[in-house]
Asker: 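Shown below is the structure under consideration.
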Amino acid sequence: MRSRGLRGAAVVAGLSVLVCAPPAFAAPGDPGGPRYSAGAPSVGDPYFPSEGNGGYDVRHYDVVFSYDPATKRMDATTTITAVATQDLDRFDLDFRGPEIGSLTVGKHPASFRREGQELVVTPRPKLKNGERFTVQVKYAGTPPVITDPDDSIEGWVPTDDGAFVPGEPQGSPAWLPGNDHPTDKATFTFHATVPEGITVVGNGQLLSQTTTGGRTTFVWDSTEPMATYLATVTLGRFQVARSVTPSGVPVYTAVDPQLASQSAATVARIPDIVEYFSSLFGPYPFASTGAIIDKAPDVGYALESQTKPIFSSAPSLGTMAHELAHQWFGDSVSLKRWSDIWLNEGFATYAQWLWTEHNGGATAQQTFDSASNYGRAATSSFWQTVLTDPGPVDMFGNVPYNRGAMTLHALRGKIGDAAFFTLLKDWATTHKYGNATTADFVAAAQSASGKDLKGFFDVWLYQKGKPATW
Ligand code: ZN
């Protein structure tokens with residue numbers, strides 16, 4: 001799909017050079033003057049080489065759209081507010097959505113072209129390092145379903161009454177142009193208009209819900225920094241309920257009526273789970289919590305979308321605990337690169353073990369020892385992957401989840417409960433709303449324990465094979 005506006009925009013850009021030439025004291029090429037170049041087309045994450053872009057830092061996404069489940073048509077205007085981190089004569093967004101009608105940078109139409117998931121934008125006037133700018137993209141059509149390296153699906157997944165919208169690890173560009181890598185977090189506002197009777201559930205807090213002429217507009221405000229893959233605007237027919245956790249965090253739940261009775265007992269425990277994890281990991285990091293439970297059988301997994309995890313079927317209590325634990329580990333503290341996925345999945349899985357024990361089920365030690373964990377034979381393929389590099393096909397497989405959780409449990413045994421739980425709390429506090437790596441965690445564990453843990457982490461994180469001693 002090629003840009004129809006290219007020729008017109010080039011004329012405008014040519015004119016703007018004539019009428020506002022850059023000041024003579026800072027002409028391009030002068031020492032100290034701007035040195036314009038193209039922002040990088042990727043952040044260089046080997047698992048998803050097209051994800052993310054360089055040259056700017058997104059601060060806010062404002063997404064205004066209407067969607068009709070009957071026609072599957074979206075009409076959208078996304079406005080991105082960003083700050084240039086270099087002098088830019090060109091930059092990329094990640095976008096795999098429908099046809100673009102217009103694109104402006106600030107007040108000026110900009111030329112653009114699309115190459116795979118790269119949306120290449122040529123802003124005129126050019127952008128100076130440190131400059132705050134807006135990009136407004138208008139697009140319309142049917143957003144795509146995206147297939148992952150492991151053949152699972154994400155992006156914009158139509159359901160019988162709306163759409164299920166998961167974005168990990170590369171789904172958000174299906175419906176949202178942006179900088180699709182967890183290292184560029186931003187705040188988000190969604191204004192979504194749908195036929196009356198449909199509910200749109202986004203991240204953050206519901207600012208308003210207004211119905212006129214048979215259409216309802218929902219405004220959702222996500223007030224803490226969020227990675228693009230955690231954005232959702234899942235929509236359909238939902239039973240909505242509100243409550244509050246014992247600490248006062250507002251809870252908003254949306255449940256597909258067909259799953260209401262199967263989900264009720266699990267949904268009722270959300271306040272307890274959030275409260276328990278707050279006691280272990282420190283205060284819940286966001287302004288609200290909740291859950292979205294929908295029927296999307298072709299998706300088949302749940303996702304920790306920020307403030308409101310989404311479930312493609314009625315969740316078990318363990319899965320609910322897992323996704324809520326991700327609010328601390330994954331959402332607030334995020335990865336710097338996808339190969340460190342165990343920092344998300346291992347932590348959420350271990351939190352799930354802790355919840356299960358707290359709730360009167362198997363102890364964490366029993367789960368560690370079980371046949372699907374440490375009980376697996378040394379010859380099992382389970383042990384033949386390096387935990388810190390599972391690869392894009394197996395990043396949501398058994399290894400990051402279960403060996404990740406086992407690593408934490410083994411660490412707890414090694415350094416003792418006091419140091420271990422201080423470490424988890426400090427980890428959530430130090431990197432709140434930020435990004436961290438395995439090396440950061442190893443360093444934090446060493447300093448929390450005062451121990452040399454090189455041998456320990458070697459066998460658990462960096463080597464293949466079933467650890468025998470540590
Ligand atoms: Zn998870």
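Atoms within a ligand are numbered from 1 in the order they appear, just like the ligands themselves. Position 1 is the first residue of the sequence, and the numbers go up from there. Computed from a prediction, not measured in an experiment: that's the story for all the values here.
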Asker: With a 4.0 Å cut-off on N to O distance, would you call Asp75 and Arg73 a salt bridge?
Answerer: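 A salt bridge links Asp75 with Arg73.
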
Asker: With a cut-off of 2.8 Å, how many protein N, O or S atoms neighbour the Zn ion (ligand 1)?
Answerer: 3

Asker: Using the ring-ring contact (aromatic ring centres under 6.0 Å, His included) rule, collect all pairs that involve residues 53-85, keeping only residues at least two apart or in two chains.
Answerer: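 The answer is Tyr56-Phe91, Tyr61-Phe188, Tyr67-Trp156.
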
Asker: Name the orientation class of the two ring planes belonging to Trp338 and His181 (parallel below 30°, tilted from 30 to 60°, perpendicular beyond 60°).
Answerer: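 Trp338 and His181: perpendicular rings.
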
Asker: Using a 6.0 Å distance limit plus a 45 degree cone around the ring axis, check whether Arg376 lies over the aromatic ring of Phe382.
Answerer: yes

Asker: Using 30° and 60° as the class boundaries, would you call the ring planes of Trp353 and Tyr350 parallel, tilted or perpendicular?
Answerer: perpendicular

Asker: Parallel, tilted or perpendicular: which one describes the rings of Phe368 and Tyr374, with boundaries at 30° and 60°?
Answerer: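 Parallel: the ring planes of Phe368 and Tyr374 meet at under 30°.
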
